[in-house]
2 protein chains.
Amino acid sequence: MAEPRARKDAARNREAVLAAADALFSRRASPEDVTMAEVAAAAGVGKGTLFRAFGDRAGLLRALYEARLEPLRAAIESGPPPLGPATPPRERVPALLDAALCFKLDNRSLAMALEESGGTSPYRTEHYARWHAMLRDLLERIPGLGDGDFPAHALLAATRADLVEHLAGEGRAPRERLRERLARYVERFLDSGAPVER
Amino acid sequence: MAEPRARKDAARNREAVLAAADALFSRRASPEDVTMAEVAAAAGVGKGTLFRAFGDRAGLLRALYEARLEPLRAAIESGPPPLGPATPPRERVPALLDAALCFKLDNRSLAMALEESGGTSPYRTEHYARWHAMLRDLLERIPGLGDGDFPAHALLAATRADLVEHLAGEGRAPRERLRERLARYVERFLDSGAPVER
DNA sequence: GAGAATACGGACCGAGGGTCCGCTTTTCAA
DNA sequence: TTGAAAAGCGGACCCTCGGTCCGTATTCTC
């Protein structure tokens with residue numbers, strides 16, 4: 001369990017790789033054509049080092065993703081409203097989905113690489129489980145909506161990386177327009193079933 | 001433009017490949033581990049033939065998918081209600097989405113292979129464009145719902161192959177339960193915004 | 001400062017998608 | 001019917017890429 005603490009050259013190289021990969025994925029259009037050898041070269045490191053540090057391609061992607069996700073995660077777990085835990089579910093759900101969308105917009109190629117690129121299903125990751133569980137719980141706390149499990153999946157599916165890419169890529173729809181459209185969609189769903197107000 | 005008509009051995013081989021691939025993809029758990037060489041071998045054909053007939057892996061997948069989709073497509077374009085064109089939008093939308101879900105359930109590995117496996121975005125395919133356009137138009141014909149473009153994407157996203165696989169795979173949720181959950185979700189969306197009746 | 005532990009890196013491997021080209025089959029016009 | 005050009009065949013071959021291996025270099029510990 002306890003990590004025996006990394007040697008300092010190992011730590012340095014790990015950071016170098018992370019930085020290099022980060023840069024490469026931002027620069028390149030398609031995540032497919034960033035090769036592991038390239039990442040290693042860009043980081044000034046051998047392939048062996050890269051693979052020892054991250055296990056395999058998926059591991060590198062996951063580490064990168066997790067790193068970029070960190071601030072958002074913090075904001076959700078202990079930040080101020082509307083993302084933080086003090087927000088009532090009815091407002092927090094749209095806020096979370098908006099945040100997810102923005103994250104995908106800001107990290108398009110990386111998100112694509114992780115969610116789509118072969119082999120590993122995006123639904124089997126730990127962070128998807130977190131998002132889904134949180135959303136499900138919030139939904140079930142909103143009166144009038146019943147079971148939140150499927151809706152949570154369905155709403156998250158509306159923010160999937162390749163859909164976002166499809167809608168935002170090539171200068172199709174500007175960021176704000178997309179956010180608005182998603183917001184309207186979510187709102188419509190939340191308003192249904194519970195004609196509480198008005 | 002005009003296809004110069006295929007030679008008969010070419011036609012025969014094309015069918016053989018299609019059949020072999022169909023069988024292989026049904027048999028195998030993950031689409032990833034059906035190799036092109038394998039397909040060729042199973043069809044009793046050389047790799048060259050396979051690639052000449054379908055261009056590349058994605059082409060083969062597309063052709064297979066299109067073939068399996070054909071009956072459904074016919075039912076939608078000219079069949080009886082609730083899928084056919086005579087159905088009023090309010091009932092046709094749920095019917096279409098249910099049909100999409102069932103199709104994914106019945107063709108899990110193939111759908112996974114096509115939608116997910118690297119390179120080509122599932123959103124750039126011609127058949128996605130058809131589904132989306134149809135759904136969008138229907139939605140916009142339902143009073144009270146405004147722009148149907150994004151909702152059409154979002155609703156279709158709820159039937160994506162890997163999500164379906166995630167929910168149905170490993171004997172998690174039985175077919176009927178999934179259909180019901182999707183139906184409820186769609187219904188909730190359609191009921192909102194337009195408190196027409198009641 | 002010595003020895004053990006750990007990490008380095010790039011040569012190497014295997015798999016799989018895709019191509020090439022000499023040979024066979026089909027087609028079609030005479 | 002026939003013969004030659006067009007179309008197709010197939011599997012050896014190539015190349016890229018993820019991943020491994022191992023002799024060498026660096027770091028840690030005492």
Side-chain angles (χ1 to χ4, degrees), chain A residues 2-21 24-25 28-64 109-110 112-114 116-121, chain B residues 1-21 24-25 28-64 109-110 112-114 116-120:
Chain A
E3 306 255 332
R5 175 118 146 287
R7 238 170 67 171
K8 93 169 174 243
D9 51 350
R12 175 173 38 74
N13 280 334
R14 187 186 167 89
E15 291 314 307
V17 167
L18 237 28
L24 275 180
F25 277 108
R28 287 290 211 300
S30 167
E32 308 290 307
D33 46 56
V34 174
T35 108
M36 294 299 271
E38 231 175 346
V39 173
V45 139
K47 283 181 65 177
T49 302
L50 194 168
F51 279 97
R52 194 166 333 93
F54 297 96
D56 57 11
R57 188 184 167 89
L60 171 60
L61 261 3
R62 230 176 301 128
L64 255 182
S109 55
L110 179 56
M112 292 273 294
L114 191 69
E116 310 310 317
S117 105
T120 50
S121 164
Chain B
M1 193 106 289
E3 306 256 331
R5 174 116 147 289
R7 240 171 66 169
K8 90 166 177 249
D9 52 350
R12 175 171 40 74
N13 280 334
R14 188 186 166 88
E15 291 314 307
V17 167
L18 236 29
L24 275 180
F25 276 107
R28 286 292 209 302
S30 167
E32 307 290 307
D33 46 54
V34 174
T35 107
M36 294 300 272
E38 233 175 344
V39 172
V45 138
K47 283 181 65 176
T49 304
L50 194 169
F51 279 96
R52 191 161 337 88
F54 298 97
D56 59 9
R57 188 183 167 87
L60 171 59
L61 262 2
R62 232 176 298 128
L64 255 181
S109 56
L110 181 56
M112 291 273 293
L114 191 69
E116 308 310 316
S117 102
T120 49

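Each chain gets a letter, A, B and so on, in the order the sequences are listed, and its residues count up from 1. Quick caveat, the model's predicted, so the values are computed rather than measured.
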Student: Given atom CD of A:Glu32 and atom C1' of C:dG16, what is their separation to the nearest angstrom?
Tutor: 15 Å
Student: Nearest to the B:Asn13 side chain among D:dC9, C:dG9, D:dA12, which nucleotide is it?
Tutor: D:dC9
Student: Do B:Arg7 and D:dA7 have a side chain to base donor-acceptor pair shorter than 3.5 Å?
Tutor: yes
Student: Kindly compute the distance separating CZ (A:Arg57) from CG (A:Leu50), expressed to the nearest 0.5 Å.
Tutor: 10.5 Å
Student: Can you tell me the distance, in whole Å, between the CG atom of B:Asp56 and the P atom of C:dT19?
Tutor: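 Distance, rounded to whole Å: 8 Å.
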Student: Determine whether B:Asp9 and B:Arg12 satisfy the following criterion, side-chain contact (heavy atoms from CB on, under 4.5 Å), listing intermediate values before the conclusion.
Tutor: CA-CA 5 Å; B:Asp9 52 350; B:Arg12 175 171 40 74; 3.3 Å; yes
Student: Reckon A:Thr49 touches a base, only the sugar-phosphate, or nothing at all at heavy-atom distances under 4.0 Å?
Tutor: base
Student: Spell out, as yes or no, whether a donor-acceptor pair under 3.5 Å connects the side chain of B:Ser109 to the backbone of B:Phe25.
Tutor: yes
Student: In whole angstrom, give the distance that lies between atom CZ of A:Arg12 and atom C1' of C:dC8.
Tutor: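 These atoms are roughly 10 Å apart.
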Student: Could you check B:Arg52 against B:Met36 and say which one's nearest nucleotide on DNA chain C is further toward the 5' end?
Tutor: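 It is B:Met36 whose nearest nucleotide is closer to the 5' end.
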Student: Would you mind telling me which residue lines up with the more 5' stretch of DNA chain C, B:Ala58 or A:Val45, judged by nearest nucleotide?
Tutor: A:Val45
Student: Going through the checks in order, is the side-chain contact (heavy atoms from CB on, under 4.5 Å) test met by B:Phe54 and B:Arg14?
Tutor: CA-CA 9 Å; B:Phe54 298 97; B:Arg14 188 186 166 88; 3.6 Å; yes
Student: Among the candidates D:dG10, D:dC17, C:dG17, find the nucleotide nearest to the side-chain atoms of B:Phe51.
Tutor: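 Among D:dG10, D:dC17, C:dG17, the one nearest the side chain of B:Phe51 is C:dG17.
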Student: Counting heavy atoms from C-beta on, name the nucleotide in D:dC9, D:dT20, D:dT26 closest to the side chain of A:Asp9.
Tutor: D:dT26
Student: Calculate, to the nearest 0.5 Å, the distance between atoms CG and CG belonging to A:Asp33 and A:Leu24 respectively.
Tutor: 10.0 Å
Student: Expressed as a whole number of angstroms, how long is the span from A:Lys8:NZ to C:dC8:P?
Tutor: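 It works out to 13 Å between those atoms.
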Student: Could you check how far CG of B:Leu50 sits from C1' of D:dG8, rounded to whole Å?
Tutor: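 Spelled out: CG on B:Leu50 to C1' on D:dG8 is 14 Å.
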Student: Of the options C:dG9, C:dC8, C:dG18, whose atoms approach the side-chain atoms of B:Arg57 most closely?
Tutor: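 For the B:Arg57 side chain, the nearest candidate turns out to be C:dG18.
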Student: Between B:Glu38 (CD) and C:dG17 (C1'), how many Å, whole number?
Tutor: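 Rounded to the whole Å, the gap is 13 Å.
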Student: Tell me: NZ of B:Lys47 to C1' of C:dG16, nearest whole Å?
Tutor: 7 Å
